[in-house]
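What follows is one structure encoded as structure tokens, with my remarks underneath.
Numbers here simply count residues along the sequence, with the first being 1.
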Amino acid sequence: MAWAHIGEAYRDFEQCKGGWTYSQEHHYTNPWDTGKTDCSGLVWWLIKGLDPDCAEKMMWEGSSNTTAFQHTCDFVGRDLGAIEPGDIVLCNYGTTSNVMGGGHSGSHCAMYVGGTVIDMFPGVNMRERSVWELVGEVGWWGVYRPPYTETTSAEVPAGTGGTYRVTGQAVPHLNVRCAPSTDGYLVYDGDGEQVVYTAGETVVLDDWRTEADGYVWGRYTGGSGNLRYLAVCAADGSETYLERA
């Protein structure tokens with residue numbers, strides 16, 4: 001999926017934070033021109049910069065709104081262990097009358113970028129904070145996945161899959177990422193703890209491999225059903241982080 005490039009959306013946020021201010025009156029205008037937008041406008045424009053085709057599928061009809069997001073994205077559920085960078089958190093403040101996942105829209109939205117969310121709110125403008133802080137203060141919330149453009153990766157011949165053990169060269173631990181790239185966001189469990197592998201632990205990888213950012217990457221399917229990625233070794237062979245058990 002396009003999740004490997006969510007870092008690009010985050011860099012967009014880094015470039016404009018402090019320069020955009022919250023305004024519901026400007027949610028249909030380009031904030032890169034006006035410097036103003038609302039929560040759904042922020043999320044939509046970040047998605048547009050990341051994956052224009054995806055943004056066009058999200059029922060943009062002159063007004064960014066959480067109803068359009070709710071009807072054009074896949075409902076992931078309410079398990080933060082299954083959330084992926086690029087997902088949208090839709091929520092309601094102070095009431096559970098508009099429940100996500102049941103044909104109703106939220107009143108606020110934010111983009112998850114790996115551990116944290118980016119959003120806008122009246123009086124505080126743009127901000128970045130923990131996703132667990134956000135869901136802890138609202139009346140109801142749900143995770144939605146935009147229809148990102150599918151991408152493909154090279155497959156390798158069968159036989160590379162199997163049980164691997166983390167070596168002592170994985171210092172202080174081996175990070176688990178949402179995409180096979182150093183730009184891929186780190187994986188967190190439902191309690192907000194980073195998922196890592198330490199020396200001596202084992203993991204079962206499938207037959208898929210790819211090379212990116214100076215590493216050979218392998219993958220496995222996590223308990224949430226989402227693909228997870230680990231650096232198997234340095235691409236130049238100088239270090240090995242996973243060896244056959």
With V117 as partner, the option from V131, I88, D87, V135 fulfilling side chain to side chain contact (heavy atoms under 4.5 Å, CB included) is V131
Here the pair of heavy atoms bringing V216 nearest to R209 is CG1-CD, 4.3 Å
- request: State plainly whether the residues D74 and R145 are in salt-bridge range, i.e. N to O under 4.0 Å.
  value: no
Would you call T240 and Q169 a side-chain contact if the rule is heavy atoms closer than 4.5 Å? yes
Side-chain heavy-atom pair V89, L134 within 4.5 angstrom cut-off | yes
Closest non-hydrogen atoms of V138 and N92, given as atom of the first, atom of the second and distance, are CB-O, 3.3 Å
- prompt: Under 4.5 Å between side-chain heavy atoms, hopping through other hydrophobics if needed: is there a path connecting W132 to F121?
  reply: yes
The reported gap from OG in S40 to CH2 in W45 (rounded to nearest 0.5 angstrom) is 12.0 Å
| said: Any non-hydrogen side-chain atom of C91 less than 4.5 Å from a side-chain atom of W140? | reply: no
Check whether any side-chain heavy atom of P146 sits under 4.5 Å from a side-chain heavy atom of M58, and report yes or no. yes
inquiry  = Can you see whether T116 engages E128 through a side-chain donor-acceptor pair at a distance of less than 3.5 angstrom?
reply    = yes
**Asked** Does a sphere of radius 6.0 Å around OH in Y215 hold more than 12 heavy atoms from other residues, nucleotides or ligands, not counting ones at 6.0 Å or beyond?
**Response** no
Across all chains, not counting sequence neighbours, the side chain to side chain donor-acceptor pair (under 3.5 Å) partners of D79 are none
Residues Y241 and L174: closest non-hydrogen pair is CB-CD1, 3.9 Å
Residues 228-241 vs salt bridge (Lys or Arg N to Asp or Glu O under 4.0 Å), sequence neighbours excluded, gives E84-R228
Would you check if L230 and R219 make a side-chain contact, meaning some heavy-atom pair closer than 4.5 Å? no
Q) Is L242 close to L205 at the side-chain level, that is, under 4.5 Å between some pair of heavy atoms? A) yes
Check: Okay, side chain of R244, backbone of G161: is any donor-acceptor separation there less than 3.5 Å?
Finding: yes
The ring-ring contact (aromatic ring centres under 6.0 Å, His included) partners of Y229 (sequence neighbours excluded) come to W208
Here the gap from L42 atom CG to D38 atom CG, rounded to the nearest 0.5 Å, amounts to 9.0 Å
With side chains defined as the heavy atoms from C-beta onward, is the minimum distance between Y220 and D206 less than 4.5 Å? no
Applying salt bridge (charged side-chain N to carboxylate O under 4.0 Å, His left out) to R129 and not counting sequence neighbours gives D119, E133, E137
dist D53:CG -> Y148:OH (nearest 0.5 Å) comes out at 13.0 Å
(message) Could you go through Q70 and L90, starting from their C-alpha distance and side-chain angles, then the distance that decides it, and tell me whether this counts as side chain to side chain contact (heavy atoms under 4.5 Å, CB included)?
(response) CA-CA 8 Å; Q70 193 267 330; L90 294 180; 3.9 Å; yes
Between V204 and V176, is there shared hydrophobic-cluster membership here, with clusters defined by ILVMFWY side-chain heavy atoms closer than 4.5 Å?
no
**Asked** Have E201 and T198 got a donor and an acceptor in their side chains that come within less than 3.5 Å?
**Response** yes
Sorted by chain and residue number, the side chain to side chain donor-acceptor pair (under 3.5 Å) partners of Y22 (sequence neighbours excluded) come out as Q24
Those residues at least two apart in sequence (or on a different chain) that pass side-chain contact (heavy atoms from CB on, under 4.5 Å) with C39 are H108, C109
Sorted by chain and residue number, the side-chain contact (heavy atoms from CB on, under 4.5 Å) partners of V196 (sequence neighbours excluded) come out as H173, N175, Q194
Sorted by chain and residue number, the side chain to side chain donor-acceptor pair (under 3.5 Å) partners of T163 (sequence neighbours excluded) come out as none
(message) So Y164 and E243, do their side chains get closer than 4.5 Å, heavy atoms only?
(response) no
side-chain contact (heavy atoms from CB on, under 4.5 Å) filter on A212, not counting sequence neighbours, yields W217
Here the salt bridge (Lys or Arg N to Asp or Glu O under 4.0 Å) pairs for residues 186-198, sequence neighbours left out, are none
Sorted by chain and residue number, the side chain to side chain donor-acceptor pair (under 3.5 Å) partners of D213 (sequence neighbours excluded) come out as S181, T182
For A235, the side-chain contact (heavy atoms from CB on, under 4.5 Å) test, sequence neighbours excluded, returns E211
Practice task
Indicate, with yes or no, if I83 and L186 share a hydrophobic cluster defined by side-chain heavy-atom contacts under 4.5 Å among Ile, Leu, Val, Met, Phe, Trp and Tyr.
Solution key: yes
